[in-house]
Protein chains: 2
Amino acid sequence: MNGISMIQLAKELGLSVSTVSKALGDSHEISAATKKRVLELAKKYKYKPNPFASNLRKKKGKQIAVIIPDIVNNFFALAVDGIESVTMSKHYDTFIYLTHENLEREKAVLEHLESGLISGLIISVCNGREGYSHFQEFYEATRLPLVFFDRVPDLLQFPKVITNNYESSLDATSRLIKAGSKRPVLVTTTEPMFTSMERRRGYQDALEKHGIVFTDDMIIHCTDDMELNYAILRKIFSQKKRPDGIFASIEKYAITSYQVCKDLKLAIPKDVKVIGMTNLRTAALLNPSLSTLSQPAFDMGKEAAGLLIKMIEKKSYAAANDIIVLPNELTIRDSI
Amino acid sequence: MNGISMIQLAKELGLSVSTVSKALGDSHEISAATKKRVLELAKKYKYKPNPFASNLRKKKGKQIAVIIPDIVNNFFALAVDGIESVTMSKHYDTFIYLTHENLEREKAVLEHLESGLISGLIISVCNGREGYSHFQEFYEATRLPLVFFDRVPDLLQFPKVITNNYESSLDATSRLIKAGSKRPVLVTTTEPMFTSMERRRGYQDALEKHGIVFTDDMIIHCTDDMELNYAILRKIFSQKKRPDGIFASIEKYAITSYQVCKDLKLAIPKDVKVIGMTNLRTAALLNPSLSTLSQPAFDMGKEAAGLLIKMIEKKSYAAANDIIVLPNELTIRDSI
DNA sequence: GTTTTTTCCTATAACGTTTTCGTAAAAGCA
DNA sequence: TGCTTTTACGAAAACGTTATAGGAAAAAAC
């Protein structure tokens, strides 16, 4: 703000503002000698172009936004890390907005961003599927490039970065069964999301593949309320005919499952085998170490940001309907 | 970008642009009737002021930046969560920059931000103490408000949000000793930071208070290299005269300590008592559950953002040298 | 009924860039 | 030489706001 402006540079150099601007932009219209003079003085005064003036005139800037449900979650933190690694290297600035699974908040952020503050947007949507129209509206209003990752709106035509949720869930469930589980349950969210539906599909197909009859009570719906989740799981695992396997499709549900088993004196993996969908670094240190299906969170962020910037810089229009699928990683530890 | 502008609003209303601007700004110079007309049309067209034009003219905007070493770390993630909760409610936009403990990167970000993109800055500095001059230079160049949190440059006069590292370390160490540890060690970083120095001071004073003679080898210096840390700790705990207590002053060192004890078949807490400085949510699920000294990360973020915005909006000049101290929380579990 | 004040609005100049267009001088070419 | 082309720059308009100064009409004051 307090720095020197192009006008002052021009004055001191005895040049016009437009010449200075072009020289700094390395335009072919400017002679090498002049460019050198300009650059040197600019360096001497540590000249930095005013981004507001520049963005205003060019009608776009090098700022993007990331909208995610939560940052206190290893998956999203890793994704942001991946995004930032790209935006940093490409000299973009990254805004961050947290929705905390609140649809109204998500809409509000989107509406706020219609002001044109940014040149592109990376999103992982919040829980629930009732409405995705605000994304469409945002796009209609701004025509700005949008990239979704992980939690994507399946019905909308936007570029997406996702994982092979179906295949890897099928795989994980199969491993539970092969390890001896006769009745593995799926612990998932009450909120219907594309990702969790895919995981469920993989889970059910694995059961079918191994000749296990699926019944509705094998899907355990948990919530955002950890206390309530504990109660739900405890009740189910206190039954005589309790499950002997858990595929926890959400990070925090694996932890609660562990707690319930510990408190009910159910031995893992003898009584209950567990695989958790999680990126927790402490998975290996739990007792027993937790087998995990982990998402390539950092790479998802990287891919999403790379795609977005490509779209912003129009190096590739083809990207518009790209769907990038990255593989989840299954790590078998002592819990199965 | 594609939205309607003030000029078009003015045209359609048969008013001048300045009238529209003032009406939208709820100026007293404009009659209630006119304000109503303007507001209604603005709403109808979903008018959003162009932030670049506005910021350019006003010479400031509602954007701030957060510079932190890492986001894949519960402490910083929580802090960002706290910051965002404030910036959201105050309608500020939050940029995020990660230094990954790289001083050059930190300097580069700061220099980039000298362009005037933001109106304020929240920082937790990266490892090492050799240079803090870039912060001073940034301030001289921009005169922008700056707030540090947790990892603060002790020698610079800026507002800070920290925790009672000294007192709580003294307390934690005392608990280790009272629990029976005759020779508790401090596992800390090689990088000299204000925070870790304070923790060390608390640790040493606790030893003295309980009549335990301190020797240099009771400070175990770990690095960023997890493998190396493992080797260092393993070597020390393999000795005949091994320590019987650990105060791990950095999150990840507690985990490594657990691993080493597990592999060396040292029972926690019988053979070794452990307290870790960490915000890990899984601390309670480790085997045995880890006693923690945790930082009020979310609140630190909240306080820092609140302070910053107060300074930006000049509601309080007095904030300039504020130091806010929040208490760490000691949670005793099974590891001592 | 004149002066003063208040009310409500407009004109215009910024803010610091980028871009379009114009043009003098230099260079190329026959 | 005279013509065209290229090179290297400048003038000025634009981007969409906000702030300052001013002014006409209405209201208030004397």
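The chains referred to below are lettered A, B, ... by the order of the sequence lines, with proteins before strands, and numbering in each begins at 1.
B:S31 comes within contact range of the sugar-phosphate backbone alone, with a heavy-atom separation under 4.0 Å but no base atom that close.
Taking atom NZ of residue A:K62 and atom P of nucleotide C:dT18, one finds them 13 Å apart after rounding to whole Å. The CG-P distance, from B:L24 to D:dA19, rounds to 13 Å in whole Å. Taking atom NZ of residue B:K60 and atom C1' of nucleotide D:dT18, one finds them 13 Å apart after rounding to whole Å. When rounded to the nearest whole Å, the span between CD of A:Q8 and P of C:dC15 equals 10 Å. If you take CZ of A:F52 and C1' of D:dT18, they are 15 Å apart, rounded to a whole angstrom. In this entry the distance linking CD1 of A:I30 with P of C:dT18 reads 13 Å, nearest Å. Whole-Å rounding puts the B:R57 CZ to C:dA14 C1' distance at 5 Å. Remark: P of D:dC15 and CD1 of B:I7 are 7 Å apart, rounded to the nearest angstrom.
Heavy atoms of other residues, nucleotides or ligands lying less than 6.0 angstrom from NZ of A:K62 number more than 12. Annotation for B:K48: atom NZ counts as buried by contact number, over 12 foreign heavy atoms lying within 6.0 Å.
Contact annotation: A:S21 reaches the phosphate of C:dT18 (side-chain N/O to OP1 or OP2, under 4.0 Å). Taking side-chain N and O atoms only, B:S16 has a distance below 4.0 Å to OP1 or OP2 of C:dT10. Of the side-chain N and O atoms in B:T19, none sit less than 4.0 angstrom from OP1 or OP2 of C:dC9. At the phosphate of C:dG16, OP1 or OP2 sits under 4.0 Å from a side-chain N or O atom of B:K59.
Where B:E29 and B:K58 each meet DNA chain D at their nearest nucleotide, the meeting point lying more 5' is that of B:K58. Nearest-nucleotide mapping onto DNA chain C: of B:A53 and B:V20, the residue sitting toward the 5' end is B:V20.
Remark: of the listed residues B:F149, B:Y132, B:F148, B:F148 is the sole one forming a ring pair (Phe, Tyr, Trp, His ring centres under 6.0 Å) with B:F158.
For B:V17, taking side-chain heavy atoms from C-beta onward, the closest of the listed nucleotides C:dC9, D:dA11, D:dT18 is D:dT18. Looking at the side chain of A:S18, the nearest of the listed nucleotides D:dG16, C:dT19, D:dA21 is C:dT19. Distance from the side chain of A:T34 is smallest for D:dC9 among the nucleotides D:dC9, C:dT19, D:dG16. For B:K22, counting side-chain heavy atoms from C-beta on, the closest listed nucleotide (D:dA19, D:dA13, D:dT20) is D:dT20.
Going from atom CD1 of A:I312 over to atom OG of A:S119 covers 5.5 Å, rounded to the nearest 0.5 Å.
Using a 4.0 Å cut-off between charged side-chain N and carboxylate O, B:R151 and B:E101 make a salt bridge.
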